[in-house]
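Before any comments, here is the structure.
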Amino acid sequence: MRIRRYILWGSITFFIIGCHASMLSPSDYMSWFENNGQELKTSKTIDEFNFTLQYKPIPYIILKENGGITPDKKTSAKRELELKGMQYYTFQISSTGTEKNILKTNARFENEYFSRLEYFSSVMQDDLCLIDGNDTLPCLLFHYERNYNLAPYTNFLLGFEEIAGKKLTSDHTLIFNDEVLGCGTIQLSIPKSAIENLPALKEN
């Protein structure tokens, strides 16, 4: 009986410690995300293009917008309410070839540069969707971060509906039906386990 009691107490202690370990301060949360959140990011290379998908939880977005510091409760609650109801991702395209500008990589004709620029600016949104369980979600928020060749990659900020009360049952898979790079359909998945095991952010 005594041995059983010790085992039970040990299990409870381990559970409590585990719970506390998942509650991180703002600085620890940012550090964890930047250094240990690799399961929330996935990449695939096709021809001379690399495609990367990064899942961004709302607490991370709020901290990032505020320089890694949690804003006051009122500001934080307001921003969380604004972001609530959506799930957010950064979709990045970079070139693996000698030409680092993806507007020019593998372009056969001069007008391809402008065709890609127009496509990335608006049309591309219609060629993106997210598979979330049995649901195929359209891209509701889309922003092309044009960097004017100051970085060897291009970011697209994406937002999809977060269905209230829906249980997480599968990986989240982004589908991009490329129309200008010659890569066809690209699929990138964020594992269900990675989303489930996100640490929580301690409140101020």
Side-chain angles (χ1 to χ4, degrees), residues 30 32-58 60-61 64 83 86-162 168-198:
M30 290 296 289
W32 177 90
F33 193 90
E34 300 291 351
N35 299 315
N36 304 311
Q38 294 306 308
E39 288 189 6
L40 297 171
K41 180 186 290 187
T42 183
S43 297
K44 179 179 293 185
T45 299
I46 300 176
D47 296 330
E48 290 191 25
F49 296 97
N50 182 262
F51 302 89
T52 300
L53 183 67
Q54 172 81 66
Y55 173 74
K56 298 186 300 183
I58 288 176
Y60 171 76
I61 294 174
K64 192 74 173 177
L83 294 169
M86 300 283 290
Q87 46 185 310
Y88 301 92
Y89 300 82
T90 293
F91 181 45
Q92 185 180 101
I93 304 177
S94 59
S95 172
T96 61
T98 54
E99 173 57 71
K100 296 304 180 183
N101 185 350
I102 67 168
L103 295 173
K104 296 180 179 180
T105 301
N106 285 350
R108 295 165 296 174
F109 308 104
E110 186 176 347
N111 64 351
E112 281 192 60
Y113 175 95
F114 299 102
S115 295
R116 290 179 182 183
L117 180 58
E118 181 182 3
Y119 179 75
F120 291 151
S121 298
S122 58
V123 181
M124 179 177 165
Q125 181 174 3
D126 296 330
D127 292 326
L128 292 159
C129 65
L130 186 75
I131 305 299
D132 182 354
N134 295 323
D135 297 304
T136 300
L137 307 174
C139 182
L140 299 181
L141 294 177
F142 176 87
H143 176 65
Y144 165 40
E145 289 189 332
R146 191 177 180 189
N147 58 40
Y148 299 94
N149 300 328
L150 297 177
Y153 56 81
T154 296
N155 285 337
F156 302 87
L157 308 183
L158 313 179
F160 302 88
E161 180 185 7
E162 183 81 78
L168 184 62
T169 59
S170 63
D171 300 344
H172 286 184
T173 300
L174 178 77
I175 297 180
F176 171 43
N177 295 307
D178 165 45
E179 292 185 5
V180 296
L181 302 178
C183 295
T185 299
I186 293 98
Q187 296 188 27
L188 294 165
S189 296
I190 303 296
K192 169 179 173 285
S193 59
I195 300 174
E196 286 179 325
N197 295 326
L198 278 168

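Keep in mind that the numbers below use all heavy atoms, side chains included, and drop hydrogens, waters and symmetry copies.
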Item checked: Pair Q92-N50, side-chain contact (heavy atoms from CB on, under 4.5 Å): steps then yes or no -> CA-CA 8 Å; Q92 185 180 101; N50 182 262; 5.7 Å; no
What are the two closest heavy atoms between [X] and [Y], and how far apart are they?
X    : Y    : result
T173 : S189 : OG1-OG, 2.6 Å
E196 : L168 : CG-CD2, 3.4 Å
C129 : T136 : SG-CG2, 3.9 Å
F33  : P57  : CE1-CD, 3.4 Å
S95  : I102 : N-CG2, 3.9 Å

Look at the side chain of [X] and the backbone N and O of [Y], then say whether any donor-acceptor pair between them is shorter than 3.5 Å.
X    : Y    : value
T96  : E48  : yes
D178 : T185 : no
S170 : G133 : yes
N101 : L103 : yes

Hey, does [Y] have a side-chain heavy atom less than 4.5 Å from the side chain of [X]?
X    : Y    : answer
H172 : F160 : no
S94  : T52  : no
V180 : M124 : no
L157 : K56  : yes
M30  : K64  : yes
L40  : L198 : yes
T154 : R146 : no
Q187 : F176 : no

Above 12 or not: heavy atoms from other molecules or residues under 6.0 Å from [atom1] of [X]?
X    : atom1 : result
E34  : CD    : yes
E110 : CD    : no
N111 : CG    : yes
E99  : CD    : yes

Next item on the list: Report the residues that fulfil side-chain hydrogen bond (donor to acceptor under 3.5 Å, both in side chains) with S121, sequence neighbours left out, ordered by chain and then residue number.
Entry: none
Notebook entry, point to check: Which class fits the ring pair F51 and F91: parallel under 30°, tilted 30 to 60°, perpendicular over 60°?
Noted result: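 Parallel, since the angle between the ring planes stays under 30°.
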Next item on the list: Please report the C-alpha distance between F49 and I186 in whole Å, then the side-chain angles of each, then the deciding distance to 0.1 Å, and finally whether the side-chain contact (heavy atoms from CB on, under 4.5 Å) criterion is met.
Entry: CA-CA 11 Å; F49 296 97; I186 293 98; over 6 Å; no
Note to self: For L158, run the side chain to side chain contact (heavy atoms under 4.5 Å, CB included) check against L174, L141, T90 and tell me which one passes.
What the structure shows: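 So, applying the side chain to side chain contact (heavy atoms under 4.5 Å, CB included) to L158 and each of L174, L141, T90, only L174 qualifies.
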Note to self: Is a donor from one side chain sitting under 3.5 angstrom from an acceptor on the other, for E145 and Y153?
What the structure shows: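 On atom types as modelled, these side chains do not qualify, holding no pair under 3.5 Å.
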Next item on the list: List in chain and number order the residues that pass ring pair (Phe, Tyr, Trp, His ring centres under 6.0 Å) with Y88, two or more places apart in sequence or in another chain; answer none if no residue qualifies.
Entry: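 None.
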Check: Among pairs that include at least one residue of residues 105-126, which meet ring-ring contact (aromatic ring centres under 6.0 Å, His included), considering only residues two or more places apart or in two chains?
Finding: F120-Y144, F120-F156
